[in-house]
Amino acid sequence: MGRMIVVSNRVPLPDKDGVMPAGGLAVAVNAALQESGGIWFGWSGESVGEGEPGPVTHRQHGAIDFALTDLSDKDKDEYYSGFANRVLWPLFHCRIDLAEYSRRDKDGYFRVNRMFADRLMPLIESDDIIWVHDYHLIPLAEELRRRGVTNRIGFFLHIPWPPADILFAAPIHDQIMKGLSAYDLVGFQTDHDLDNYISCLIREGVGGRAEGSVADDPSHAVLTAYGRTFHARTFGIGIETQAFADLAAASTSAEAVQELRRSMNGRDLIIGVDRLDYSKGIPQRILAFEQFLEMNADRAGNVTLLQIAPSSRSDVPEYRDMRAEVESLAGHVNGVMGRIDWTPIRYINQSVDRESLAGLYREARVGLVTPLRDGMNLVAKEYVAAQNPDDPGVLVLSRFAGAARELKGAVLCNPYDSEQTARAIEWALSMTLEERRGRWRDMMNYLLEHDIQSWCKSYLDALAETEPRTS
Ligand code: ADQ
């Protein structure tokens, strides 16, 4: 295999000692890149104001050249905050009501993808393999093909692919669908996402499974669309399972864990950890917890929901509104249900370091992971990996998270149905040790086998196996 070029919107940079930011994806992709040698290309996160961004800057770490480009303020507003985060993100998470389409932002999105292609072109060598990540960069392969690139180019979508009726609400859905056909391999998180993409092609009358592609394999399809043939497969992303389990086991002395124990006084802990994002279903979760307390009066005073949710994308108005909504709901439940000596919900609007996070997961009897829609949801996997094998907690998981396709030992719930979620919480809290152990063991075995390294390897092997292009 030749060198690898990874392209993502943001590039996670190693610290001065060469250590990558914690979180599986950066570590695993970094390891694969160190092995093959290559480039990690993307936005530096900096905007340069009104002027044009300067040339690409390079930082060499081991065998990896981290190649970064700045953006102008206009680029950032239109491409990133605008089209990516206010059209594609809500749409792909089935929130048509929040999608704010404008021609200006759409133009900015395609302009920045052209700029990425122009800046990447001089760095590409003939046998490089190129791996593009996520919804910010869907049109990149098409732009590279236009410039004559015949290298293998793969794409992985970290978020869900929506059903046809949702996608077709976007004025330029056809360009988005077509963008994927310029890749050799399109990776989705789950079979549902792949199925949705194929349905979109069929419903629009622009393509479908190629002749001879096995229709009953839900995880792999050879597709023909827009005059091109390409592979689409599922690769559910994993975590660094063993490393995270070890971190959790060693975290009992972490300060946050000690403080939590002292303050809990033997009460049961339920934990929720999310970026503050409307796709994560945090308001619905708080209401379900309130309903759980109403339905189980004997639990009052004996159980606490710890919701950790740092703000994200604060430049987008919906995210600011959400922060106010979550604060108000948590305050309401605490006001109505709380007692002098007991606060039902502890809400922390901050990030937590990984060791503390692992320890807090391990302390919790229930991991409450109830997104309204999620590509995978790594918190669900981290919660499972962090459990004490002798006395594991129970994962209550939304059926609309990609992780629900894999973690068969979870108690599944519908986050739109607060009564059902409330019953799921009660079931989780009263589950026998034997059942908890059985469910946890199945999920942990799965996560050990399907960790982030195996995800990375299986994607790259599949990309290397695709037929080379000649033009
Ligand atoms: P996200 O939407 O960011 O990822 P998720 O998969 O849950 O969601 O990953 C979040 C990560 O951030 C986890 O590793 C978690 O530990 C960390 N995190 C969250 N809150 C934190 C906090 N308060 N303090 C510290 N760390 C915190 C997108 C898609 C997902 C998909 C991933 C990976 O939306 O569906 O699973 O990419 O493909």
Side-chain angles (χ1 to χ4, degrees), residues 8-10 12 20-29 84-85 88-95 131-136 155-162 187-190 192-193 234-241 243-244 247-248 251 254 256 271-282 285 306-313 319 322-323 326 346-362 364 367-386 395 397-398 400-407 447 450-452 455-456 459:
S8 56
N9 171 53
R10 292 296 302 275
M20 289 302 280
L25 180 66
V27 174
V29 172
N85 284 342
L88 295 180
W89 178 273
L91 198 68
F92 281 35
H93 288 86
C94 295
R95 292 297 302 267
W131 189 7
V132 179
H133 286 261
D134 232 357
Y135 59 103
H136 315 85
F155 179 81
F156 184 77
L157 183 68
H158 289 259
I159 65 176
W161 185 273
F188 294 102
Q189 297 272 25
T190 72
H192 286 175
D193 302 309
T234 60
F235 302 89
I237 195 167
I239 58 167
E240 287 185 290
T241 311
F244 201 78
L247 187 67
S251 69
I271 195 166
V273 175
D274 316 77
R275 274 187 309 103
L276 200 50
D277 189 295
Y278 49 77
S279 65
K280 304 293 182 185
I282 302 170
R285 186 180 312 162
L306 172 63
Q307 176 63 54
I308 304 175
S311 301
S312 66
R313 303 178 190 170
Y319 287 76
M322 226 204 104
R323 182 174 165 182
V326 169
R346 296 192 197 169
Y347 166 55
I348 297 176
N349 180 221
Q350 291 161 40
S351 190
V352 173
D353 67 84
R354 290 204 66 77
E355 189 193 6
S356 304
L357 192 63
L360 296 175
Y361 285 140
R362 195 177 175 97
L368 194 51
V369 184
T370 55
L372 304 178
R373 202 151 189 101
D374 218 327
M376 177 54 64
N377 195 299
L378 297 181
V379 168
K381 294 189 170 182
E382 290 167 357
Y383 175 76
V384 172
L395 176 65
L397 179 61
S398 161
F400 303 117
R405 306 291 301 147
E406 301 179 17
L407 299 177
L447 292 179
H450 299 90
D451 66 0
I452 185 78
W455 173 81
C456 204
Y459 186 91

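In this text the structure is predicted, and so the values were computed from the model without any measurement. Order of appearance sets the numbers: ligands from 1, and atoms from 1 within every ligand.
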Q.
Run the side chain to side chain contact (heavy atoms under 4.5 Å, CB included) test against Ala385 and tell me which residues pass, sequence neighbours left out.
A. Ile239, Thr241, Phe244, Met444
Q: Just say parallel, tilted or perpendicular for the rings of Phe188 and Trp161, cut-offs at 30° and 60°.
A: perpendicular
Q. Under the 3.5 angstrom rule, does the side chain of Ser398 hit a backbone N or O of Leu372 as a donor-acceptor pair?
A. no
Q: Let me know which protein residues bring a heavy atom to under 4.0 Å of ligand 1; chain then number is fine for ordering.
A: Trp89, His158, Gln189, Ile237, Val273, Asp274, Arg275, Lys280, Ile308, Pro310, Gln350, Ser351, Val352, Arg354, Leu357, Tyr361, Asp374, Gly375, Met376, Asn377, Leu378, Val379, Glu382
**Q.** Thr234 and Asp193: side chain donor to acceptor below 3.5 Å
**A.** no
Q: Indicate, with yes or no, if the rings of Trp131 and Phe156 have centres closer together than 6.0 Å.
A: no
**Q.** Option among Asp451, Leu378, Asn377 that satisfies the side chain to side chain contact (heavy atoms under 4.5 Å, CB included) test with Ile237
**A.** Leu378
